Amino acid sequence: MLRLLVLASLALLGLCSENNRVIGGTEANRHAWPWQISLQGYAGYWYHSCGGTLIRNRWVLTAAHCVDSPGITRRVVVGDHNIYEDDKTEQYIYVQHVIVHEGWNGDLGLGNDIALLYLEHDVVLNQFVQLANLPDAGAILPNGYLCYVTGWGYTENNGNVSPTLQQAPIKVVSYEVCSQPDWWSYYVNKNMVCAGGDGITSGCQGDSGGPLNCEHNGIYYVHGATSFGAAAGCDMFMKPTVWTRFSAYIDWINNKIAYY
């Protein structure tokens, strides 16, 4: 049976000095993706675990599997580029509440791998920190649509998290293709977005929860949170990276935010 790989990371900050790439990508220009956040946990030191997307001054979207472990002190870093250095543009904000989708049970193949983080206080929006645009409810990207995967995840299989934010162009694989037997088959459903699968470009460990950025009419929209890939290798041919599709959860997102 094909094993799924969650793309979270517990890598210790400061151990990696490599400056390679998100698999198949390059280092992003500083603050080119100002809604990208680093979700970090504390275990005697702060470590990067996942990515995420800033959608309101006090709200972040990420993957549910990124916050499965209870009792961890978490913070969100916005305005960051090099997670090992002080860029003088960062804001560090503790996570006050974690809201996991009620349908999440830990099974990546069943989906609902989505969570909201309510921050201790508002972020300050500026040239380095901006809110993401979310797609309309029900929006579906066509096969072959060009997007960008971004994150501090592994730049090679069995590697380390990247010091600097990486980006890679990646093409959407429609559900009709991605669900075929020689692709992801029944491991994916219509509440997910597949992209990649060319054996070159992919997300990897440490990219979990991070955005799938797709441009439309000159505006970037974030269409998903990175969920899983193939355990045999992040850049495995015909096994694209899979995101939780935000457009399937717009009502859930708005209802949770409205409650607060």
Side-chain angles (χ1 to χ4, degrees), residues 1-9 21-25 50-51 53 61-66 101 103-114 135 137-151 153-159 166-216 221-250:
M1 178 180 290
L2 185 65
R3 291 173 53 235
L4 307 184
L5 174 69
V6 295
L7 301 183
S9 173
R21 301 176 297 278
V22 161
I23 295 181
C50 282
T53 301
L61 271 172
T62 190
H65 76 258
C66 288
H101 193 280
W104 170 250
N105 69 355
D107 187 336
L108 292 163
L110 290 180
N112 299 313
D113 187 13
I114 186 171
I140 301 291
L141 295 167
N143 190 64
Y145 200 92
L146 181 64
C147 298
Y148 281 85
V149 52
T150 55
Y154 287 17
T155 57
E156 57 184 321
N157 292 307
N158 301 315
Q166 306 290 301
Q167 66 178 40
I170 195 165
K171 290 185 177 181
V172 169
V173 179
S174 68
Y175 171 75
E176 289 73 20
V177 174
C178 198
S179 60
Q180 290 179 9
D182 51 350
W183 287 71
W184 270 119
S185 188
Y186 58 85
Y187 289 101
V188 297
N189 62 49
K190 292 184 178 181
N191 289 344
M192 302 173 183
V193 182
C194 301
D198 57 4
I200 300 171
T201 303
S202 70
C204 206
Q205 287 100 314
D207 290 327
S208 268
L212 179 65
N213 308 284
C214 308
E215 183 268 338
H216 179 68
Y221 296 84
V222 177
H223 277 261
T226 313
S227 183
F228 66 86
C234 295
D235 53 355
M236 187 175 175
F237 184 62
M238 296 175 72
K239 293 296 179 288
T241 306
V242 180
W243 282 259
T244 301
R245 180 169 65 85
F246 284 161
S247 65
Y249 295 91
I250 297 298

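FYI, the numbering just counts along the sequence from 1. Please read these numbers as outputs of a predicted model, since none were measured by experiment.
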So how far is it from [X] [atom1] to [Y] [atom2], rounded to the nearest 0.5 Å?
X: Leu141; Y: Cys214; atom1: CG; atom2: SG; value: 5.0 Å
X: Asn213; Y: Leu146; atom1: CG; atom2: CG; value: 11.0 Å
X: Ser174; Y: Gln180; atom1: OG; atom2: CD; value: 8.0 Å
X: Ile170; Y: Leu212; atom1: CD1; atom2: CG; value: 7.5 Å
X: Ile250; Y: Arg245; atom1: CD1; atom2: CZ; value: 9.5 Å
X: Tyr145; Y: His223; atom1: OH; atom2: NE2; value: 7.0 Å

Check for a donor-acceptor pair, side chain of [X] on one end and backbone N or O of [Y] on the other, with a separation under 3.5 Å.
X: Lys239; Y: Trp184; value: no
X: Asp113; Y: Thr244; value: no
X: Asn189; Y: Leu110; value: yes
X: Asp198; Y: Thr201; value: yes
X: Ser202; Y: Cys234; value: yes

Taking the side chain as C-beta and beyond, is there a heavy-atom pair between [X] and [Y] under 4.5 Å?
X: Tyr187; Y: Met192; answer: no
X: Asn143; Y: Val173; answer: yes
X: Ser227; Y: Trp243; answer: no
X: Asp182; Y: Met238; answer: yes
X: Thr241; Y: Val149; answer: no

Kindly give the heavy-atom pair with the smallest separation between [X] and [Y], and that separation in Å.
X: Pro211; Y: Val222; answer: CB-CG1, 3.5 Å
X: Val188; Y: Cys178; answer: CG2-O, 3.9 Å
X: Cys66; Y: Ser208; answer: SG-CB, 3.6 Å
X: Pro240; Y: Gly196; answer: CB-C, 3.6 Å
X: Ser247; Y: Ala139; answer: OG-O, 2.6 Å
X: Thr150; Y: Asp207; answer: O-OD1, 4.3 Å

Next on the checklist: Under the rule for ring pair (Phe, Tyr, Trp, His ring centres under 6.0 Å), what residues qualify as partners of Tyr221, not counting sequence neighbours?
Outcome noted: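 In terms of ring pair (Phe, Tyr, Trp, His ring centres under 6.0 Å), with neighbours along the sequence ignored, Tyr221 is linked to no residue.
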Item to check | Residues that Phe246 engages under ring pair (Phe, Tyr, Trp, His ring centres under 6.0 Å), provided they are two or more places apart | outcome: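 Partners of Phe246 by the ring pair (Phe, Tyr, Trp, His ring centres under 6.0 Å) criterion come out as none, since no residue qualifies.
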Checklist entry - Parallel, tilted or perpendicular: which fits the ring planes of His65 and Trp104, with parallel below 30° and perpendicular above 60°? => result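 His65 vs Trp104 ring planes: tilted.
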